[in-house]
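Side-chain atoms are counted along with the backbone in the values below, which use heavy atoms only and exclude waters and symmetry mates. Throughout, protein chains are lettered first and strands after them, A, B, ... in sequence-line order, and every chain is numbered starting at 1.
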Amino acid sequence: MARGARAVSDTYRRIYDVVRRIPRGRVATYGQVAALAGLPRQARLVGYAMHAMPNGTALPWHRVINAQGRVSARSGGSGGSVTQRVLLEGEGVRFDAAGRVSLARQGWQPNKRGQRAPHAAR
DNA sequence: ATGCTGACTATGT
DNA sequence: TACATAGCCAGCA
């Protein structure tokens, strides 16, 4: 590969690859995905990559949230953010009264064994 | 080539 | 906790 017309740039390709390895029932932040993709400080690019996602791309984009543990609002104004929250809840992700997720508890932690949060996890 | 925009983050007030 | 500002990079007109 690495030749001819590619639907997406290698940069986006890396981002999608990272998002794809996010385990179910876990959430990752844009900055985290960017870092794992080899793009530190490019959290914005991650968000933009999600928006530029080709139609038909099957990946857990709903498991990507911002550093505040909240679902970022996307352009279009639709209830896309709501759909994302519903999908996460369907995987067992818990939202607090403020509509935020405990990254310390549900956050995806690669390198860690079992991805199990410290204490009080469940 | 230039300038603006955008599913962000960190820091300060 | 909420709002404002600065820094980042890629895609598009």
Side-chain angles (χ1 to χ4, degrees):
Chain A
M1 306 37 159
R3 277 217 93 302
R6 28 170 132 47
V8 296
S9 300
D10 295 328
T11 306
Y12 282 21
R13 194 67 178 283
R14 278 181 168 280
I15 295 171
Y16 298 146
D17 186 49
V18 174
V19 175
R20 195 161 307 178
R21 50 187 271 209
I22 299 174
R24 178 174 172 283
R26 211 78 46 182
V27 295
T29 65
Y30 293 95
Q32 185 174 5
V33 174
L36 292 171
L39 305 167
R41 275 100 191 190
Q42 272 67 359
R44 228 169 190 190
L45 273 295
V46 177
Y48 196 48
M50 294 292 112
H51 180 78
M53 225 195 314
N55 188 18
T57 306
L59 71 159
W61 59 269
H62 55 267
R63 291 174 192 156
V64 184
I65 60 177
N66 59 32
Q68 299 180 350
R70 268 164 139 287
V71 178
S72 299
R74 77 275 291 112
S75 43
S78 299
S81 55
V82 178
T83 301
Q84 183 172 2
R85 175 170 172 166
V86 174
L87 288 170
L88 290 173
E89 290 182 314
E91 293 185 350
V93 178
R94 299 265 258 116
F95 284 78
D96 65 2
R100 290 185 298 202
V101 181
S102 298
L103 294 174
R105 200 167 62 159
Q106 311 277 56
W108 175 39
Q109 304 183 313
N111 302 336
K112 303 295 188 189
R113 48 205 184 84
Q115 270 93 71
R116 184 54 93 195
H119 50 77
R122 163 182 302 302

Please report the distance, rounded to the nearest Å, between [atom1] in [X] and [atom2] in [N].
X       : N      : atom1 : atom2 : result
A/Met50 : B/dC8  : CE    : C1'   : 13 Å
A/Tyr12 : B/dA7  : OH    : P     : 11 Å
A/Ile15 : B/dG6  : CD1   : P     : 18 Å
A/Arg14 : C/dA10 : CZ    : P     : 13 Å
A/Tyr48 : B/dG6  : OH    : P     : 9 Å
A/His51 : C/dC9  : NE2   : P     : 21 Å
A/Arg74 : B/dT5  : CZ    : C1'   : 17 Å
A/Arg70 : C/dC3  : CZ    : P     : 10 Å

Q.
By the 4.0 Å heavy-atom rule, please label A/Ala73 as base, sugar-phosphate, or nothing.
A. sugar-phosphate
Q.
Just so I know, are the side chains of A/Trp61 and A/Leu87 near enough to count as touching, which here means a heavy-atom distance under 4.5 Å?
A. yes
Q | pair A/Val19-A/Met50: side-chain heavy atoms closer than 4.5 Å | A | yes
Q: Return the 5'-most residue of the pair A/Arg41, A/Arg100 with respect to DNA chain C, ranking by each residue's nearest nucleotide.
A: A/Arg100
(Q) Closer than 3.5 angstrom, by distance alone: can the side chain of A/Gln106 be matched with the main-chain N or O of A/Arg26 as a donor-acceptor pair? (A) no
Q: Return yes if some donor-acceptor pair links the side-chain N/O of A/Ser102 with the main-chain N/O of A/Arg105 below 3.5 Å, else return no.
A: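 No, the answer is negative, given that no donor and acceptor are paired below the 3.5 Å cut-off.
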Listing time: all N or O pairs from protein to nucleotides 9-13 of chain B that are below 3.5 Å?
unit_1	atom_1	unit_2	atom_2	d
B/dT9	OP1	A/Ala67	N	2.5
B/dT9	OP2	A/Ala67	N	3.0

(Q) Given B/dA7, C/dA10, B/dG6, identify the nucleotide with an atom nearest to the side chain of A/Arg44. (A)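 Closest of the options to the side chain of A/Arg44: B/dG6.
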Cut-off 3.5 Å, no hydrogens considered: what does the side-chain donor-acceptor table look like for residues 94-101 of chain A, sequence neighbours left out?
unit_1	atom_1	unit_2	atom_2	d
A/Asp96	OD1	A/Ala98	N	3.0
A/Asp96	OD1	A/Gly99	N	2.9
A/Asp96	OD1	A/Arg100	N	2.6

Q: Output every pair passing salt bridge (Lys or Arg N to Asp or Glu O under 4.0 Å) with a member in residues 31-46 of chain A, not counting sequence neighbours, ordered by first then second residue.
A: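 Not a single pair qualifies under salt bridge (Lys or Arg N to Asp or Glu O under 4.0 Å).
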Q) Going by an N to O cut-off under 4.0 Å, is there a salt bridge joining A/Arg63 and A/Glu91? A) yes
